Amino acid sequence: MEKKEVEKDIFWADQFAKSLIERKKFHYLDKEIHDRKEFIVKTSASISGVLHIGRLSDSIRGSSVFRALKEQGAKAKLIWVAEDMDPLRKIPEGVPKSYEQHIGMPVTDIPDPDGCHKTYAEHHVEEYLKVLDKFVDEPMEKFSMRQEYKKGSFKPFIKKLFEKREELVEIQNKYRTKPLKEPWSPWTPICDNCGKIVTTQIKAIEKDKVKYVCKDYYFEESTATGCGFEGENNPLEGKGKLLWKSEWAAEWAHWKVSAEGAGKEYLVPNSAWWVNAEISEKILDYPAPEPIFYEHLMIEGVKMSASLGNVVYPKDWLHVASPQLLRFLYNKRLMVTRSFSWKDLLQLYDEYDWAGKVYFGLEKEENEKESIHLKRLYEMSNFKEIEKPLAMSFSHATVIAQLFHDKDDIVFSLEKTGHYYKKHEKEIFERLEKANKWLTKYAPEEMKFSLQKEIPPGVELSEKQKKAVRILVKEVKEKNWTEKTLHKEIYEIAKGLEIEPKELFVAGYRILLNRNRGP
Ligand SMILES: [Zn+2]
Ligand SMILES: [Zn+2]
């Protein structure tokens, strides 16, 4: 398909990539960055929560930066990391109450409640990984934190963190109101007795081990019960994990990360991002990556959560829309709250189609800056092949899908209104199928209707309405109509009979759809 040259300095990911390439120095040290041969963009997801479409924003935005870097001539790689050493914080919806005993255990150690996988983590990750790469520009190399600890990948960093433990405490305290309580360890062991990871309180730090006692730990909404066991653990043996404010820095240094996404809650000056950035540079001698900040996706203005039943999984999205459309949603200007509701899907489709028409020069966006931005946004939302926008809007598709079920009828209707192109046939029918699924699962009642085969009982029309309908039926049979000319004709007929055009529309809707309003 044809590809247009689009100006690139107005789109956020292009600006981001440019400043990344131009960056020469550490942020917290007066030191040059040497030997950067490749830019690694890290994306990830914590496996302790639900893997909904909100989690894709991290990978989709990371992918945009990755692509912009490559287009600017840099060598780049996109990776994905499962943060699967995180503890289970509360019992998710639909999981038996007996799972309370597992709260505080790493999600990779908890059995799969559905019994189809080895662990709770695998159960959630597998489904997500089946579709994840569909949303990014190139398949990502994927890692598991659990496996990395087991392999010993973090050993050199754990060593350094302990060697410079005093400086590490000092850095952390700068960002805290209350100083850390000693003995403080960046490493949290897994309890040898009960397998929990948040309950192990450090009692002493010795040369090559930490001593702990297993005590209750309080999450916001739940408690991980400690078993009272007292034990010791060698951090270099990998049975445990680094605390988040150290672990993130170790991940950056290990994978040589240049950029990573972070929710906008990390923007505040004392967030884990900046603490890790300083740790990364001062303790691990690795230049802190640049953050790709973003807003979280809300559904109807509220956070997605299993208990609210508003979770949208990536596979749900693919039933009614394409990856391109989600990329479009996430690549719009950053730091604007992204709220989504299934009702808005029609509008999102319209915005996407509009951007496509501007991109291909079929429509003109008057504001020149906006026009440049829209074109690049459309290009970046697409993959190598740029989709030609369809003439049939998604809302039109929802009407067609309800009126006709036969392929010939559909083609006939779309041809009549000028929305059918043979070369788009596949895409048209794909959109109709998505519209059908959207109607079944998500459409508000007022958008659903069915074509009546007979005049529905109880429909009463005035004499003038009846007459107008008779004229209209005759006209429709005798001539060919487009949407516009038919609309005009209805007004003409109404005018001739001195009734309000609205009355004639209502009569039509009552007869055809058995409703007072129509599409
Ligand atoms: Zn399973
Ligand atoms: Zn324990």
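If you're wondering where the values come from, they're calculated on a predicted model, not measured in any experiment.
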Per the side-chain hydrogen bond (donor to acceptor under 3.5 Å, both in side chains) rule, which among R67, K70, K77, K384 passes with E138?
K70
Do the non-hydrogen side-chain atoms of H424 and M392 ever get within less than 4.5 Å of each other?
no
Is the positively charged end of K434 above the ring of F394, judged by distance under 6.0 angstrom from the centroid and angle within 45° of the axis?
no
Is D114 reaching over with its side chain to a backbone N or O of C116, donor-acceptor style, under 3.5 angstrom?
no
Less than 3.5 Å apart, any donor N or O on the side chain of E427 or Y421 sitting next to an acceptor on the other?
no
Show your reasoning for whether salt bridge (charged side-chain N to carboxylate O under 4.0 Å, His left out) applies to K467 and E463.
CA-CA 6 Å; K467 201 165 174 196; E463 278 312 310; over 6 Å; no
Is there a side-chain contact between V95 and Y99 in this structure, where contact means two heavy atoms from C-beta onward sitting under 4.5 Å apart?
yes
Distance, nearest 0.5 Å, that separates CD1 of I47 from OG of S144
8.5 Å
When you measure from the centre of the six-membered ring of Y313, is the NZ or CZ of K315 closer than 6.0 Å and no more than 45° off the axis?
yes
Residue pair E290 / S19, side-chain heavy-atom distance below 4.5 Å:
no
Any idea how H373 and F11 line up, ring-wise: parallel (<30°), tilted (30 to 60°), or perpendicular (>60°)?
tilted
Would a line drawn from the ring center of Y491 to the ring center of H487 be shorter than 6.0 Å?
yes
Pick from D316, V320, N436: which one makes a side-chain contact (heavy atoms from CB on, under 4.5 Å) with K441?
D316
So, using salt bridge (charged side-chain N to carboxylate O under 4.0 Å, His left out) as the criterion, who are the partners of E83 when residues are at least two apart?
K42
Determine, using ring centers only, whether Y120 and H123 are less than 6.0 Å apart.
no
Close side-chain approach of H52 and V312, heavy atoms under 4.5 Å
no
Does NZ or CZ of R327 lie under 6.0 Å from the centre of the six-membered ring of F383, at an angle within 45° of the ring axis?
yes
Donor-acceptor contact below 3.5 Å, side chain S258 vs main chain V41
no
Minimum side-chain heavy-atom gap H319-W438 below 4.5 Å:
no
Treating D353 as the side-chain partner and P389 as the backbone partner, does any N or O pair qualify as donor plus acceptor under 3.5 Å?
no
Counting N and O atoms only, with roles assigned by atom type, does the side chain of Q465 sit under 3.5 Å from a partner on the main chain of S462, one being a donor and the other an acceptor?
yes
Evaluate the criterion side-chain contact (heavy atoms from CB on, under 4.5 Å) for residue pair V125 and Y128; output intermediate values, then yes/no.
CA-CA 5 Å; V125 171; Y128 190 69; 5.6 Å; no
Show your reasoning for whether side-chain contact (heavy atoms from CB on, under 4.5 Å) applies to L318 and F135.
CA-CA 10 Å; L318 292 175; F135 292 87; 3.7 Å; yes
Euclidean distance, E489 CD relative to I471 CD1, rounded to 0.5 Å
9.0 Å
Nearest 0.5 Å, what's the OG-CH2 distance between S280 and W273?
9.5 Å
Cationic tip of K388 within the cone over F360's six-membered ring, i.e. under 6.0 Å and within 45° of the normal?
yes
For the pair E445 and K343, evaluate salt bridge (charged side-chain N to carboxylate O under 4.0 Å, His left out) and give the outcome as yes or no after the intermediate values.
CA-CA 11 Å; E445 274 316 304; K343 284 201 304 278; over 6 Å; no
Carefully, step by step, assess S381 and N331 under the rule side chain to side chain donor-acceptor pair (under 3.5 Å).
CA-CA 7 Å; S381 306; N331 269 314; 4.7 Å; no
Are Y378 and Y352 an aromatic pair, judged by ring center distance below 6.0 Å?
yes
Can you find a heavy atom in the side chain of Y420 that is under 4.5 Å from one in the side chain of I410?
no
Rounding to 0.5 Å, atoms OH (Y349) and CG (D344) come to a distance of 13.5 Å
Is there a donor-acceptor contact under 3.5 Å linking the side chains of E127 and H117?
no
Are K495 and E498 close enough for a salt bridge, meaning some N to O gap below 4.0 Å?
no
T417 side chain vs S413 backbone, donor-acceptor pair below 3.5 Å
yes
Out of curiosity, L472 CG to I493 CD1, how far, rounded to the nearest 0.5 Å?
4.5 Å
When you measure from the side chain of D133 to the backbone of M140, do you find a donor-acceptor pair of N or O atoms at a distance under 3.5 Å?
yes
Please name all residues satisfying salt bridge (charged side-chain N to carboxylate O under 4.0 Å, His left out) with K118, sequence neighbours left out, ordered by chain then number.
none
Between K437 and E433, is there a salt bridge with N-O shorter than 4.0 Å?
yes
Okay, side chain of T398, backbone of S395: is any donor-acceptor separation there less than 3.5 Å?
yes
Could you please spell out the steps behind the side chain to side chain donor-acceptor pair (under 3.5 Å) verdict for W248 and E260?
CA-CA 11 Å; W248 212 354; E260 176 168 359; 3.0 Å; yes
Does the pair K375/E379 count as a salt bridge with the N-to-O cut at 4.0 Å?
no
Let me see the working for F340 and W317 under ring pair (Phe, Tyr, Trp, His ring centres under 6.0 Å), right down to the final yes or no.
CA-CA 12 Å; F340 178 78; W317 179 270; 5.5 Å; yes
Evaluate the salt bridge (charged side-chain N to carboxylate O under 4.0 Å, His left out) criterion for residues K332 and E351: first the C-alpha distance (whole Å), next the side-chain angles of each, then the deciding distance (0.1 Å), finally the verdict.
CA-CA 11 Å; K332 289 203 251 180; E351 281 178 48; 3.0 Å; yes
Regarding D112 and T119, do their side chains bring together a donor and an acceptor under 3.5 Å, going by distance alone?
no
Is there a side-chain contact between D86 and P106, using heavy atoms and a 4.5 Å cut-off?
no
Say you draw a straight line from CD1 of I21 to CZ of F16; how long is it, rounded to the nearest 0.5 Å?
11.0 Å
Quick one, V81 and I79 - any side-chain contact, counting heavy atoms below 4.5 Å?
yes
Do N310 side-chain atoms and K303 backbone N/O form a donor-acceptor pair below 3.5 Å?
yes
Ring centre gap for Y442 and W342 strictly below 6.0 Å:
yes
Show your reasoning for whether side-chain contact (heavy atoms from CB on, under 4.5 Å) applies to V399 and F449.
CA-CA 9 Å; V399 174; F449 60 82; 4.0 Å; yes
Just by distance, no angles: are the side chains of T108 and D84 close enough, under 3.5 Å, to form a donor-acceptor pair?
no
Between F143 and W255, what is the ring plane arrangement, given parallel below 30°, perpendicular above 60°, and tilted in between?
tilted
Assess the residue pair L129 and K142 against the criterion (side-chain contact (heavy atoms from CB on, under 4.5 Å)); give the C-alpha distance rounded to whole Å, side-chain angles, the decisive distance to 0.1 Å, and a yes or no.
CA-CA 9 Å; L129 288 189; K142 300 178 188 72; 3.6 Å; yes
